[in-house]
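Single-structure report; data block below.
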Amino acid sequence: MIGSLFSLAKPALHALDAETAHQLTIRALSLMPVSAPPADDARLSVNVLDRHFPNPVGLAAGFDKQCEVPDQLLGLGFGFVELGGVVPKPQEGNPRPRVFRLARDEAVINRFGLNSEGLDAARLRLVNRRGRPGIVGVNIGANKDSTDRIADYVLCIERLCGLADFLTINVSSPNTPGLRDLQGEAFLDDLLARSIEARDKADHGRRKTIVLLKIAPDISLDALDAMVTTALRRGVDGLTVSNTTIARPDSLQEKELAAETGGLSGKPLFVPSTRLLAETFLRVERQIPLIGVGGIDSAEAAWTKIRAGASLVQLYSAMVYKGPGLIGDIKRGLVQTLEAEKTSLAQAIGRDAVAIARGRF
Ligand SMILES: Cc1cc2nc3c(=O)[nH]c(=O)nc-3n(C[C@H](O)[C@H](O)[C@H](O)COP(=O)(O)O)c2cc1C
């Protein structure tokens with residue numbers, strides 16, 4: 001139903017600039033009654049991170065930046081949704097236009113720069129949905145003009161713990177100058193130590209809020225070694241691989257749009273982000289679960305992420321091109337694959353990580 005509505009609305013939406021179309025989509029979702037998500041096939045359920053996910057297909061950060069429509073998004077059939085990025089103080093982000101559709105490449109470039117209504121607004125919306133079912137996380141970042149970026153993450157954790165199932169530390173957005181420097185070893189160690197300490201203190205006596213770390217696809221394998229070691233040592237609960245890329249593959253057809261500054265997502269991100277996911281899986285050795293994100297646009301792509309090492313997956317850009325019907329398509333396709341291969345999701349996780357890390361998908 002919602003898939004057919006999208007097919008009807010897509011030409012009109014794509015005639016608008018990408019940000020206006022997105023604002024209309026959020027508005028339309030906010031007007032939708034909240035409905036219970038369709039029941040999922042039991043074979044799709046995933047038990048990780050001390051939570052029961054009804055299916056492994058999640059919505060990636062950046063779609064519902066202001067935390068306005070989490071329950072409507074869950075109603076579309078996602079197994080979990082990540083809201084945000086949220087930063088402590090309201091900030092406008094970069095001037096418009098700041099998001100571009102590379103239609104022939106089925107890709108998106110964005111340089112939003114963490115536009116956010118701020119932590120208080122996000123928190124209030126989460127307080128108002130407290131007690132509702134569904135797994136909801138929040139992606140957190142630092143203000144552009146912050147003088148103590150680590151304190152920004154700590155504040156987000158202190159204020160959001162208990163209101164979300166998980167919080168994702170975003171040090172990988174390419175659109176806030178200097179943010180990715182926090183991925184450097186010394187900074188990261190301090191950031192993660194203080195974040196986990198803040199979480200433990202805020203959650204005292206309550207079920208733990210999960211803390212995830214989201215990494216960029218543009219890091220070297222040496223940097224990945226250091227990040228994984230630091231994340232494991234500091235007790236991060238899981239890693240999300242990956243954010244958007246600043247690289248511009250030669251294969252891009254929309255040459256003019258490809259020259260826009262920002263992070264590239266969608267189909268062209270699939271191979272690099274999945275290789276990095278496999279490399280991460282090989283280093284993490286199943287000590288913590290991974291969330292695979294980047295270029296998922298089909299059941300086959302989701303299945304490859306799982307074989308590369310993802311316990312859960314997320315997507316965003318493909319929703320722009322294929323609409324919400326994609327969620328059901330991916331879930332149905334995954335069940336068919338499980339049946340055809342006579343296997344389970346648990347058995348498939350990381351099964352082909354070695355080959356995929358070497359580029360053999
Ligand atoms: C318009 C847009 C805004 C985004 N905003 C955020 C954000 O605030 N925080 C974050 O960690 N990732 C953000 N992302 C990255 C996505 O969460 C995801 O990691 C990336 O787009 C790759 O997935 P995809 O290829 O399925 O889109 C954004 C992506 C897009 C397209």
Side-chain angles (χ1 to χ4, degrees), residues 17-23 25-26 57-67 73 78 80-87 91 93-94 96-102 105-117 122 137-144 153 156 166-176 179-180 182-183 212-218 239-247 249 260 262-274 276-277 290-298 301-302 304-305 310 312-322 326-327 330:
D17 93 276
E19 184 166 349
T20 306
H22 188 72
Q23 285 168 333
T25 306
I26 296 283
V57 185
L59 178 67
F63 189 96
D64 186 4
K65 278 184 184 274
Q66 317 305 342
C67 312
L73 290 165
F78 284 113
F80 63 109
V81 298
E82 183 170 327
L83 310 171
V86 169
V87 294
Q91 66 178 22
N94 292 317
R96 290 172 75 155
R98 50 195 179 173
V99 54
F100 307 90
R101 291 184 213 99
L102 283 68
D105 302 299
E106 291 179 42
V108 173
I109 289 178
N110 93 82
R111 53 166 179 270
F112 269 104
L114 292 175
N115 57 311
S116 173
E117 290 174 17
V138 185
N139 182 278
I140 56 173
N143 275 111
K144 184 179 173 189
Y153 292 91
C156 289
F166 66 92
L167 300 174
T168 304
I169 298 177
N170 171 17
V171 282
S172 47
S173 166
N175 300 316
T176 298
L179 193 80
R180 289 180 309 162
L182 295 172
Q183 292 183 116
L212 305 174
L213 175 69
K214 183 167 179 180
I215 65 181
D218 307 311
L239 297 172
T240 305
V241 186
S242 71
N243 213 311
T244 57
T245 179
I246 54 169
E260 293 289 349
L264 173 72
S265 56
K267 221 177 174 69
L269 180 59
F270 181 72
V271 168
S273 63
T274 309
L276 186 71
L277 172 68
L290 306 181
I291 300 181
V293 49
I296 295 178
D297 64 350
S298 63
T304 305
K305 289 276 187 203
L312 301 165
V313 298
Q314 289 178 320
L315 56 89
Y316 180 164
S317 300
M319 288 276 285
V320 174
Y321 295 104
K322 299 194 167 169
L326 177 62
I327 309 158
I330 292 179

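It should be emphasised that the depicted structure is a prediction, and the values quoted were computed from it without experimental measurement. When a ligand or atom number is given, it counts from 1 through the structure's own listing order.
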### Query
Between N139 and T168, is any side-chain donor less than 3.5 angstrom from a side-chain acceptor?
no
### Query
Ignoring hydrogens and geometry, is there a side-chain-to-backbone donor-acceptor pair from S172 to K214 under 3.5 Å?
yes
### Query
Taking the side chain from Q66 and the backbone from E117, do they hold a donor-acceptor pair closer than 3.5 Å?
yes
### Query
What residue among V86, N143, N170 forms side chain to side chain contact (heavy atoms under 4.5 Å, CB included) with L114?
N170
### Query
Between K65 and ligand 1, which part of the residue brings a heavy atom under 4.0 Å of the ligand: side chain, backbone, both or neither?
side chain
### Query
Nearest protein heavy-atom contact for atom 23 (O) of ligand 1: which residue, which atom, what distance?
V293 CG2, 3.4 Å
### ligand 1-proximal atoms of S242, by part, heavy-atom distance under 4.0 Å
backbone
### Task
Below 4.0 angstrom from a heavy atom of L114, which ligand 1 atoms are there? Numbered from 1 as shown, please.
8 (O)
## Note on the structure
Within 4.0 Å of some non-hydrogen atom of T244, the atoms of ligand 1 are 15 (C), 20 (C), 21 (O)
### Task
Heavy atoms only: give me the nearest R101-A21 pair and the separation to one decimal.
NH2-CB, 3.6 Å
### Task
Just jot down the ligand 1 atoms closer than 4.0 angstrom to any heavy atom of G295, in number order.
24 (P), 25 (O), 26 (O)
### Task
Return the residue, atom name and 0.1 Å-rounded distance of the protein heavy atom closest to atom 9 (N) of ligand 1.
N139 OD1, 3.1 Å
### Task
Report yes if some N/O of I296 lies less than 3.5 Å from some N/O of ligand 1; otherwise report no.
no
### Query
Looking only at N/O atoms, are N170 and ligand 1 under 3.5 Å apart anywhere?
yes
### Task
Taking N175 for its side chain and N110 for its backbone only, find out whether a donor-acceptor pair lies under 3.5 Å.
yes
### Message
Looking at non-hydrogen atoms alone, which of V86, N110, V108 comes nearest to atom 30 (C) of ligand 1?
### Response
N110
### Message
Can you tell me which portion of T240 lies within the under-4.0 Å heavy-atom range of ligand 1? Options are side chain, backbone, both, or neither.
### Response
neither
### Query
Does G294 reach ligand 1, in the sense of a heavy atom lying below 4.0 Å from it?
yes
### Task
Return the minimal non-hydrogen interatomic distance between P249 and L264, and the atom names on each side.
CD-CD2, 3.6 Å
### Task
Return yes or no for this condition: an N or O of Q314 is under 3.5 Å from an N or O of ligand 1.
no
#### Entry: Under-4.0 Å heavy-atom contact with ligand 1, by part of F112 that carries it
side chain
### Query
So which heavy atom on G263 is nearest to which on P174, and how close?
CA-CG, 3.8 Å
### Query
What's the shortest distance from atom 14 (N) of ligand 1 to any protein heavy atom, and which residue and atom give it?
A61 O, 3.4 Å
### Message
Any heavy atom of S173 closer to ligand 1 than 4.0 angstrom?
### Response
no
#### Entry: Taking atom 4 (C) of ligand 1 as the reference point, the nearest protein heavy atom with its distance
G62 CA, 3.5 Å
### Message
Ignoring hydrogens, what is the shortest heavy-atom contact between A142 and V87? Give both atom names and the distance.
### Response
O-CG1, 3.5 Å
### Query
Hey, does the side chain of E106 reach the backbone of Y321 with a donor-acceptor pair shorter than 3.5 angstrom?
no
### Message
Classify the ring geometry of Y316 against H22: parallel below 30°, tilted from 30° to 60°, perpendicular beyond 60°.
### Response
tilted
### Query
Looking at atom 27 (O) of ligand 1, what's its closest protein heavy atom, distance included?
S317 OG, 2.6 Å
### Query
Heavy-atom count around K322 NZ within 6.0 Å, excluding the residue itself: above 12?
yes
### Task
Give the residue, atom name and distance (to 0.1 Å) of the protein heavy atom nearest atom 22 (C) of ligand 1.
L269 CD2, 3.6 Å
## Note on the structure
The answer for which part of K214 has a heavy atom under 4.0 Å from ligand 1 is side chain
### Query
How far is atom 21 (O) of ligand 1 from its nearest protein heavy atom, and which residue and atom name does that atom have?
S265 CB, 3.2 Å
### Atoms of ligand 1 close to G85 [distance to a heavy atom under 4.0 angstrom, numbered from 1]
7 (C), 8 (O)
### Query
For G294, does its backbone N or O pair with a side-chain atom of K305 as donor and acceptor, under 3.5 Å?
yes
#### Entry: L167 vs Y153 side-chain heavy atoms within contact, under 4.5 Å
no
#### Entry: Closest protein heavy atom (residue, atom, distance) for atom 15 (C) of ligand 1
N243 OD1, 3.5 Å
